[in-house]
Amino acid sequence: MKTESLWFIFLNASLINNFVLAYFLGICPFLGVSGKLSTAFRMGMAVIFVMLISSMAAYGIHAFLIWVDAPFLQLISYIVVIASTVQLVEMFIKRFSPSLFKALGIFLPLITTNCAILGLALFQTNKGYNFIESFVFALGAGIGFTLALVLMAGLREKLDFAEVPVIAKGVALTLLVGGILSLTFMGFAGLGG
Amino acid sequence: MLFDLLKKNPTFKHGIHPPQFKEDTRDKPIRHFPFAPVMIVPLAQHIGKPSVPVVSEGQEVTRGQLLARADGFVSVPMHAPASGVIKKIGRVPSISGKMVPGIFLEPFPGSSQEVLEGKPVKVESATPEEIIAAIQNAGIVGLGGAAFPTHVKLKIPEGKHADTLIINGAECEPYLTTDHRVMLEQAPDIIMGVRYLLKATGAARAVIGIESNKPDAAENLRKHLPPDLPLSVQVAEVKYPQGAEKMLITAILGREVPSGGLPIDVHAVVVNVATTAEIGRLLPHGRGIQERVITITGPGIRKKGNYWIPIGTPLRYILEQAGAEEDINRVFMGGPMMGTAVSSLDIPVTKGTSGIVAFRDEEARKKDQKIYPCIHCGACVDACPLFLNPSRLGILAKFKEYHTMASDYNLMDCFECGSCTYVCPSHIPLVQYFRMSKLVLRNEKAKAPHV
Amino acid sequence: MRNVVYALLPIAAYAVYTFGLSALLLLITALIACLLTEHLLNHWIGKESPLGDWSITITALLYGLTLPPHLPLWMVFVGGVIAVALGKFIFGGLGYNVFNPALVGRAFIQAAFPVAITTWMAPFLPDRFSHIPSSTLTLPFLKPVYDITSGATPLSLMKFEHRATDTYSLLMGMTSGSTGETSALLIALGGLYLISRKMMNWRIPLALLGTVYLISTVLHWSNPDIYPTGLFMLFSGGLMLGAVFMATDMVASPITPLGATVYGIIIGIMIYVIRVWGGLPEGVMYAILFGNAVSPHIDNLIRPRVYGTGKQWSKS
Amino acid sequence: MTEETMEKAKTEVGSFKMFQAMVGIGILCALAIVVTYQTTLPVITKNKAEALEKAIYKVLPGAQTRKNFQWDGQKFSEADPSDHSLKDVIYAGLDGDGLLVGIAIEARGQGFQDAIQVLYGFDPEKEIIIGFYVLDSRETPGLGDKISSDPGFQENFKALAARLDNSGKKLEHAIQTVKHGTKSKPWEIDAITGATISSKAVGAILNHSAQFWAPIIKAHIDELRTK
Amino acid sequence: MESKPKGKLAAYFHFPQGDGLSTDEFIKGLWRENPVLVQVLGMCPTLAVTNSATNAMAMGLATLFVLVMSNILVSSLRNVIPKQVRIATYILIIATFVTVADYVIQAISLDVHKALGAFIPLIVVNCIILGRAEAFASKNGVWASFMDGLGMGVGFTFALLLLGFIREILGSGSLFGVSLFADSFQDWVIMILPSGGFFALAAWLLLFNGLKLRKKETQPEQSREEVLI
Ligand SMILES: Cc1cc2nc3c(=O)[nH]c(=O)nc-3n(C[C@H](O)[C@H](O)[C@H](O)COP(=O)(O)O)c2cc1C
Ligand SMILES: Cc1cc2nc3c(=O)[nH]c(=O)nc-3n(C[C@H](O)[C@H](O)[C@H](O)COP(=O)(O)O)c2cc1C
Ligand SMILES: Cc1cc2nc3c(=O)[nH]c(=O)nc-3n(C[C@H](O)[C@H](O)[C@H](O)COP(=O)(O)O)c2cc1C
Ligand SMILES: Cc1cc2nc3c(=O)[nH]c(=O)nc-3n(C[C@H](O)[C@H](O)[C@H](O)CO)c2cc1C
Ligand code: SF4
Ligand code: SF4
Ligand code: SF4
Ligand code: SF4
Ligand code: FES
């Protein structure tokens, strides 16, 4: 019995329930790496990439844990396997595409232990998505994350040249803009339903 | 002719339409101006190296006599604007507010003021090099405002060539009618000047570009066009800054001068009409430049008009003679768009001064309106003839991001036409910001150790 | 900017005529809330009071005009404070607001009090000038109680019952809806006035309305049973008010002509998507806020080619 | 030796020691997890079963016990009630006498904000839906979340028609949500004012699910009635 | 081991050494080095689960538990764990305690577990915990690490509760599920929506910024900006 189409899974993860703006996953990069557009964009690309990898890894682990009947190892194995997979991929990229590594590489180790990645793995398991669905879910989540980060970065670059009152400078301003963005994304509610 | 009426005059994109205010003086023939009791001759009235004095204090000089020689190629000599005695060689006040090297000259009262003749250069026989040297010796600089030594411009660099000589008679600046009068009264001089220039540059043809608000000037020049000269008159749309050489080139030739490049990169040389007339007048007699036509106008002037004014005449004297109102509080050297508001009346007119515009209280007050923050209305973007983003540049300037301005937003391309400032509803003095930003960057570059 | 106020006044007057005393009180409250907040906040940080530049009056009027007419006044007040404090002051005041302040205020109210802001009153009630609806005067922090005939907006009729309203009623403001959105005709006239005074970038409304009209006409033609007509889409809901007065807030929109056009198209598409495929009957507010968020990127990506640059003119 | 190299020598440990430490800690951790898991598992299983049963009894008034059945595409087979990982499971609710009261079915679909997960009771005898319970939703509090609390809305599911048509392959009338106050047919759901979207979502979820399950359950009712 | 440096300044800039029975390790996490309000760490759980005081409390306590336990274990094993694998080991230890907490909460209340959703397992990646393990527990004794974990955990819980309080009171008109006002109270739904989380946290930060600015009023402008988060 399936009622969620792939299209809807994608829309849901990217817009309606945007990982950052509705689920509050990956807030740290959202606050920390959204200062400059170029960085934000590369970070977003790296996140999409890592999300796809971890989604596939998590799918495999979950199947394996069901098979050996050890659900209690879920969390530990997710974090360990995701971290090491990303590490491997990082080494691989470093070896075969130094330019790609330069663009994404520095972000990879940082992202690995961020809640958006682990959250993605946990959500796809909780929602019982199959392999394809998981993949689409990860893609949507990554694109949604990038969208939020890039929109935020554009706004912050603009606000760098604004006479922001002293009291609101820094994280507070970023949070307020995040709140308004989150309000904006509420407009997507019910899409694809 | 009917066909001409249907055809739209060529022009460039963007730009503005400020009110012209030319009615007051455009019908006033050029008249001579009396000599001031003291003349002030700065040694650097042009872009480039200052000239070097060849006279000494107390020496008597004749009008047109060499006062200072050129110091190198990018420099021009200075000639005596009047017969008189050298009072002092020292520092003289300048428009920038700083004291600069210069000469004080006291004209002999009541002298006939005959102009000294030099070695004539005949257009038929002279080589391009000789013409260029003669232009330098005549002390000629761009009279269009920039005061760039004209001979430098005419020396076509190795590997480049000029195909069109554009004579700039646009005079898009409000209030000014100098070039207009020159085109009405000195057509033969202009034609003669074109002959010299064509020969010097090797250009195949010459075009006189005139804004359509001066039909009489175009008519007059067309009447004088000699059949043997590849010279034509092109009427262009009335739009500021049509007279900027880049815009004129675009209007007439449809070419764009590359960013950071010069007109010669698109095979054009642009010379102002008054400069051309001066060349045509001085070279056949081997004379040096000692006076120029200046429009004196504005609401603060009673005897508005166009005058031959000896170079070095102090501003205060000019205003006295022209009957300035008591309450003038803002005087522009040049037009109100490109010109500079003077901070002192003790400065002299120089070779680059094309107009003097004096405003009274009310007009000035309108200009000093409160500055609001940029509201992104886009008016400046729509006005900038170079397609820059003055709004962003202005914000960056406010936050002192000068390097970003230059690297990401082409600050250095801005030619300070002031169109953006003119249209800004928030009264942001954008062009001032840009001038200052460029200055900061230039100083920084000068200070940086050479690599 | 005073011109914008002039353009809004007829709309406000007609709103009061349509919805009566409650609309009048609502607009007054919105003005008081916004002006007071602006004044006090600027006073607090030692800035000169900016009421003289009229921008906050525009914000207040627009904010008021986007609310349902009998919204409790205390909610109107809260939203007004938020509009100014969160939508404008926190970014540095005039010229720096990255979002449209009026819409920030409305979006806040819509998320905070979703029931109240989706309850509509019928237009032209006979006792509208003698009776103040009980909901209008609800005490602060209390839920409104409604004692008047409620109405359904043309868009919710379309979304939930699939009934289209005729164009004449939409143009003349015979429908229920937000205080100032009902008469498409007056709004369009106000827009033309502003365009004629060069106070407005006409490309934005043109691109926006054109996009909505084009998409809806094509889809209506492909399946008239599901998709409403272009004219219905144009004149219903807050589209006109948003396209003419709110998407055009230049502070939060792109600066170049092409950028403005792209911005209008993006907002237009998003409005159509939310209205037709989304959960909510109306999406103008969200679409414009989204457009505001995208506009720095539009300005970054769409820049006019600087004179003398580009392949053709590069110095070689 | 410089201080730096000394420092290095001190921290440089053999891979064996690293391995040793990791394994040691790994064992410690495994121990902690397994112990916790074993001690909490019975409680958690009981809690979960209770929660589910509570929901089942809510949507199947009169039921006192339940049996899980798994559908494998061909037939129903009884499933382990404590195994929560199985798919396509439905719950048969039995009364005190062991007679079938109805079938509880889980269904899920897009609501206003996120997926809504519901459990509903289907009476195969009368071909009506007899109960409805929201297992999980993220609908707007105060608006969409009324689908789980609004008493008027619950009224809809006392006897919501889900009758099969003559072919027995699909419902005779699709279950449909109508605007508040306009319900006139037994297969219609009366929406909640202000939460029309969520109400419609519920209708769509039920319709979608019932279109699938009702024919199967009707056809295989005997397999569910056995024993 | 050295004894702890004395003086206020030293307390700011040094991680205290030794097993001194000081309460300073505890106090600092509450306020001066509050992980959320001062260090702006662990933002995701802070925003995600504070739409009611109960959730905030549960999340806070679960994090507190993991923090304290992992601090204890890390500090007692600090001489055994080789430097190269320390991060991996910490993650292992933390993940273990999170799993434990996850099951315990499930056993206590399924409703709370459902409300917190995936955020219990996500404690694993909460940087506060790894941060304390790395910055404090790996260098200090068991008792000090215990106090540090307790202080940070309580500070975290405190910050979560601050948010949980305003969000639940305004958003649902209740506190810990107990209705505070009459039925006619109008809930501010936004406060329990995601955007409300952003706004509520921003509001607290603005308040703290304001307090700090007031304190530094006498100082010159640029250093005033520096004190802001
Ligand atoms: C530093 C400098 C060097 C220049 N060199 C040349 C040159 O080599 N050839 C030339 O034709 N013009 C040259 N120009 C003149 C410019 O093309 C231009 O005529 C002058 O800047 C005044 O133009 P404007 O009044 O439109 O600004 C030079 C100008 C400057 C400032
Ligand atoms: C904004 C702007 C406006 C100008 N307007 C005129 C003008 O109206 N007439 C003119 O002769 N030169 C004008 N110039 C100067 C020309 O660009 C150019 O320097 C000049 O025509 C060259 O002739 P010259 O060197 O003989 O002065 C303008 C320059 C700028 C930057
Ligand atoms: C912030 C916000 C949240 C909303 N949440 C829901 C919701 O959870 N469920 C729902 O059906 N509609 C929700 N709505 C939609 C409106 O209430 C919508 O207008 C209503 O469903 C239309 O129903 P009506 O025609 O009965 O008023 C929400 C609207 C807003 C602005
Ligand atoms: C055509 C036009 C539309 C405007 N629309 C808005 C608007 O939607 N919201 C608003 O707060 N201000 C609006 N303003 C006013 C002004 O831009 C606004 O108050 C500033 O953005 C506040 O900083 C508008 C102004 C103009 C000229
Ligand atoms: S990924 Fe790392 S560097 Fe990037 S924001 Fe998160 S914690 Fe910071
Ligand atoms: S002054 Fe510079 S930026 Fe302004 S319009 Fe002229 S060229 Fe453009
Ligand atoms: S004209 Fe002035 S206010 Fe308008 S965009 Fe340009 S700088 Fe800003
Ligand atoms: S978990 Fe990581 S990303 Fe999140 S707050 Fe902590 S350090 Fe930052
Ligand atoms: S807590 Fe750091 S990304 Fe979520």
Side-chain angles (χ1 to χ4, degrees), chain A residues 17-32 71-80 82-84 109 111-127 165-186 189, chain E residues 37 40-50 87-88 91-103 117-127 130 190 193-214 216 221 224-229:
Chain A
N17 285 301
N18 184 284
F19 259 47
V20 181
L21 298 172
Y23 279 156
F24 293 116
L25 294 170
I27 293 293
C28 307
F30 183 62
L31 298 180
F72 48 86
L73 285 182
Q74 190 184 49
L75 185 56
I76 286 197
S77 40
Y78 275 11
I79 186 112
V80 171
I82 290 175
S84 30
I111 311 166
T112 324
T113 49
N114 122 345
C115 12
I117 307 294
L118 187 63
L120 174 91
L122 293 166
F123 276 2
Q124 76 176 36
T125 316
N126 284 357
K127 295 191 176 207
V166 191
I167 191 173
K169 279 192 177 145
V171 180
L173 183 71
T174 313
L175 284 171
L176 289 170
V177 176
I180 300 176
L181 274 181
S182 173
L183 279 179
T184 304
F185 273 59
M186 282 172 60
Chain E
L37 300 172
V40 200
L41 296 176
M43 282 290 127
C44 305
T46 305
L47 291 169
V49 300
T50 48
I87 300 288
I91 290 181
L92 201 64
I93 292 172
I94 295 167
T96 304
F97 286 116
V98 173
T99 311
V100 169
D102 194 26
Y103 282 116
F119 281 90
I120 297 280
L122 284 175
I123 296 175
V124 174
V125 284
N126 188 326
C127 45
L130 193 60
I190 189 172
L193 298 177
S195 45
F198 283 111
F199 293 141
L201 182 58
W204 280 117
L205 291 183
L206 285 179
L207 187 72
F208 283 104
N209 276 352
L211 290 179
K212 273 190 242 169
L213 281 181
R214 181 162 289 187
K216 303 260 166 177
E221 182 73 10
R224 270 216 271 161
E225 278 179 32
E226 276 163 21
V227 302
L228 300 177
I229 322 168

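Naming convention: chains lettered A, B, ... in sequence-line order (proteins, then strands); numbering from 1 in each chain.
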Q: Taking all atoms of both residues into account, what is the closest heavy-atom pair of E:Leu206 and A:Ile167, and its distance?
A: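 Here E:Leu206 and A:Ile167 meet closest at CD2-O, 3.5 Å.
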Q: So, for A:Gly26 and E:Cys44, which heavy atoms are closest and what is the spacing to 0.1 Å?
A: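 Nearest heavy atoms, A:Gly26 then E:Cys44: N-SG, 3.5 Å.
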Q: Name the option with the most non-hydrogen atom pairs under 4.5 Å to chain E; the candidates are A:Asn126, A:Leu73, A:Leu21.
A: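 Counting heavy-atom pairs under 4.5 Å, the top option is A:Leu21.
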Q: Does any heavy atom of chain E fall under 4.5 Å from the side chain of A:Phe123, the backbone, both, or neither of them?
A: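 Interface part for A:Phe123: side chain.
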Q: Could you check which of E:Ala88, E:Pro194, E:Ala203, E:Ala48 has the highest count of heavy-atom pairs closer than 4.5 Å to chain A?
A: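 Top count of heavy-atom pairs under 4.5 Å with chain A: E:Pro194.
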Q: Give me the atom names and distance for the closest heavy-atom approach of E:Ser195 to A:Gly179.
A: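 Between these two residues, the closest heavy atoms are CB-O, 3.4 Å.
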Q: Relative to chain E, which segment of A:Leu31 carries a heavy atom at a distance below 4.5 Å: side chain, backbone, both, or neither?
A: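 A:Leu31 touches chain E through side-chain heavy atoms alone.
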Q: Chain E heavy atoms under 4.5 Å from A:Phe185: which part of the residue, side chain, backbone, both or neither?
A: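 Neither part; nothing is under 4.5 Å.
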Q: So E:Phe198 and A:Leu176, do their side chains get closer than 4.5 Å, heavy atoms only?
A: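 In short, these two side chains do not touch, never coming nearer than 4.5 Å.
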Q: Is any side-chain heavy atom of E:Leu122 closer than 4.5 Å to a side-chain heavy atom of A:Leu25?
A: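 Touching, per the 4.5 Å side-chain cut-off.
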Q: Given a strict heavy-atom distance threshold of 4.5 Å, which part of E:Ile190 is in contact with chain A: side chain, backbone, both, or neither?
A: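 Side chain of E:Ile190 only, per the 4.5 Å heavy-atom cut-off to chain A.
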Q: Say you draw a straight line from CD1 of A:Ile76 to CD1 of E:Ile93; how long is it, rounded to the nearest 0.5 Å?
A: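 Reported value, rounded in 0.5 Å steps: 10.5 Å.
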Q: May I ask you to name which of A:Thr174, A:Leu122, A:Val20 has the most heavy-atom pairs under 4.5 Å with chain E?
A: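 Most heavy-atom pairs within the cutoff with chain E belong to A:Leu122.
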Q: Give me the atom names and distance for the closest heavy-atom approach of E:Leu47 to A:Phe24.
A: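 Taking every non-hydrogen atom into account, CB-CD2, 3.4 Å.
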Q: Please flag which part of E:Thr46 lies under 4.5 Å from any non-hydrogen atom of chain A: side chain, backbone, both or neither.
A: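 Neither part; nothing is under 4.5 Å.
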Q: Before giving the answer on side-chain contact (heavy atoms from CB on, under 4.5 Å), spell out for A:Leu175 and E:Trp204 the whole-Å C-alpha distance, their side-chain angles and the decisive distance to 0.1 Å.
A: CA-CA 11 Å; A:Leu175 284 171; E:Trp204 280 117; over 6 Å; no
Q: To the nearest 0.5 Å, tell me how far A:Leu75 CG sits from E:Tyr103 OH.
A: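 Spacing of CG (A:Leu75) from OH (E:Tyr103) equals 9.0 Å.
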Q: Which pair of heavy atoms, one from E:Ala95 and one from A:Ile79, lies closest together, and at what distance?
A: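 The answer is CB-CG2, 4.4 Å.
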Q: What closest approach, in Å, do E:Leu193 and A:Met186 show between heavy atoms, and which atom pair accounts for it?
A: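 In this case the closest contact between E:Leu193 and A:Met186 is CD1-CE, 3.8 Å.
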